[in-house]
Number of protein chains: 2
Amino acid sequence: MDQRKDKHNCGISHKGCISLVPIFNHLDAEQMDEIMETVQSWSFKKGELVYRAGEKSDVLTIVNKGSLRIYRLSESGKEQLVRVLKPGEFTGELALFNETVHENYAEAMEPTSVCQITRADLQALLVKYPSISLKILQELSTRVDQSETQAARFTTESTEQRLALYLSDLLGPDSESSIVTLPLTKKDLASYIGTTPETVSRKLKELEEANLIERISSSKIKILDEDKLLFL
Amino acid sequence: MDQRKDKHNCGISHKGCISLVPIFNHLDAEQMDEIMETVQSWSFKKGELVYRAGEKSDVLTIVNKGSLRIYRLSESGKEQLVRVLKPGEFTGELALFNETVHENYAEAMEPTSVCQITRADLQALLVKYPSISLKILQELSTRVDQSETQAARFTTESTEQRLALYLSDLLGPDSESSIVTLPLTKKDLASYIGTTPETVSRKLKELEEANLIERISSSKIKILDEDKLLFL
DNA sequence: TGAAATATTTGATTTCCATCAAGCATGTCA
DNA sequence: TGACATGCTTGATGGAAATCAAATATTTCA
């Protein structure tokens, strides 16, 4: 299926698309208006691909509404969930900055709208507003760190520990509530932490039997003892 | 051991440090001279740390001569080799751009000299020469990709496949010779591909017995059949 | 709503690889 | 030079988790 068949032009671009985004929303109103002029807005239905590995591209894609599943197919053809993009986050930087093809797939997880800005327009903006560069550099260096953290966990932690760390990451440091909502299906969660759905199911059961967590519903989990969870 | 005790000021900074580096060497001579004024040069003996996890820092570190082992300690305390920096490559971007602490350790693998540029100086340069931003964005997006590739391999490929892919990566696409030189000790290689030295030894033996490779010396390996190697 | 499709759980079995242990090789430096 | 340390290889064992299979639960949408 061609990408053209998936995406639907939204017509006039929404201001939200720019004012929402950390890489742009520190600018003042007129500057954001200026940027708005240069972006294109598109919407995708659940399951549609924004781009796929192997495609060339010269746009940066910013999520406006909905969410995108970023995944890759490894050399042996198995799927690996890399990350989920929420509104305000961007993707496509590899193909954009290196003038190469995408290595990932980006798929709408729900009805999703995105904005796209071309390489030429973005470069012009970077020259005019260097603070945008800094924001993107910030985001990319964070992303390198996250990816390295994830990679290190694969080789040094057990599956149970990776699951526990994932739950703890969801909770965050500023945890008012101890109830986390899994933002992924079990299948995607399994892929993300590098295991199978069967093992996720078993390990959650073990954590529950050890009174470290309590399953409220299929996607809601109460963390009963975060400290012990991290000490597995 | 304090960082201050490890590093030794080289006095006048070397031009090499700047002219060598992809993020700067597209500028013209005067501009590079200008940048040289702002960088500090340091040298480290084998085993000394340029920085360690948990430290704050406001400098970008660029390798001039030698090499740096970038590694991290996971939540459970085990070491994971993230990458090896060669002359012209940089590190420290996370602490620099996000004003946070390092998550990695950077250790000299041999006598190594580096240049460092401060956040303030770098920001001024980014404003003055936006092309530098683009180079850094390029490098960081490549690094995100490499790290995601590595992470995906951990979860989707067997140890044998990861080793084979690593050897194939060493060979590169433009392979005149079919002999690769392992740039890492077996221990570091094992850490990098997420296994143990014992398993590396065994798998190399298996690959040799299958006539896919031939061990010339402890660090030199001849690839006999790259296609089969990738098809494991 | 209810049937079909999809997800989740549970169980049984197998496989891969880490770990532990010991022998061999190589390098180092007193 | 030789003794010690360090690194590499090989073997034996155990354990963690993938795979295969089947039953149950949940979601989807006609």
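Throughout, a chain's letter reflects where its sequence line sits, starting with A, and its residues are numbered from 1.
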*side-chain hydrogen bond (donor to acceptor under 3.5 Å, both in side chains) partners of Thr112(B), counting only residues at least two apart*: none
*dA17(D) phosphate, OP1 or OP2: any side-chain N/O from Lys203(A) under 4.0 angstrom?*
yes
_So that I can tick it off, tell me whether Glu157(B) and Arg162(B) are bridged by a salt bridge, with the cut-off set at under 4.0 angstrom between side-chain N and carboxylate O._
no
*Apply side-chain hydrogen bond (donor to acceptor under 3.5 Å, both in side chains) to Thr185(B) and list each qualifying residue two or more places apart in sequence or on a separate chain.*
none
*Using heavy atoms and a sub-4.0 Å distance, could you list which residues of residues 147-169 of chain A are near DNA chain D? By number, please.*
Ser158(A), Thr159(A)
*Can you name the nearest heavy-atom pair linking Glu226(A) to Ser168(A), along with the distance?*
OE2-OG, 2.9 Å
*Salt-bridge test for Glu110(B) and Lys45(B): reply yes if a basic N is under 4.0 Å from a carboxylate O, no otherwise.*
no
*Using whole Å, report how far NZ of Lys220(B) lies from P of dC8(D).*
15 Å
_Separation of dT9(D) P from Glu206(B) CD (nearest whole Å)_ = 13 Å
*Taking only residues two or more places apart in sequence or in another chain, which ones pass side-chain hydrogen bond (donor to acceptor under 3.5 Å, both in side chains) with Arg153(A)?*
Asp169(A), Glu75(B)
*asked:* Output the rounded distance in Å from CD (Glu209(B)) to P (dT10(D)).
replied: 8 Å
*Is the distance between the ring centroids of Tyr51(A) and Tyr105(A) less than 6.0 Å?*
no
Listing time: all N or O pairs from protein to nucleotides 6-14 of chain C that are below 3.5 Å?
unit_1	atom_1	unit_2	atom_2	d
dT9(C)	OP1	Arg215(A)	NH1	3.1
dT9(C)	OP2	Ser201(A)	OG	3.0
dT9(C)	O5'	Ser201(A)	OG	3.0
dG11(C)	N7	Arg202(A)	NH1	2.9
dG11(C)	O6	Arg202(A)	NH2	3.3

*asked:* For dA17(D) and Thr195(A) - does any side-chain N or O of the residue sit under 4.0 Å from the phosphate oxygens OP1/OP2?
replied: no
*What integer distance in Å separates Lys46(B):NZ from dT6(D):P?*
12 Å
*Leu224(A): what forms a side-chain contact (heavy atoms from CB on, under 4.5 Å) with it, not counting sequence neighbours?*
Glu214(A), Lys222(A)
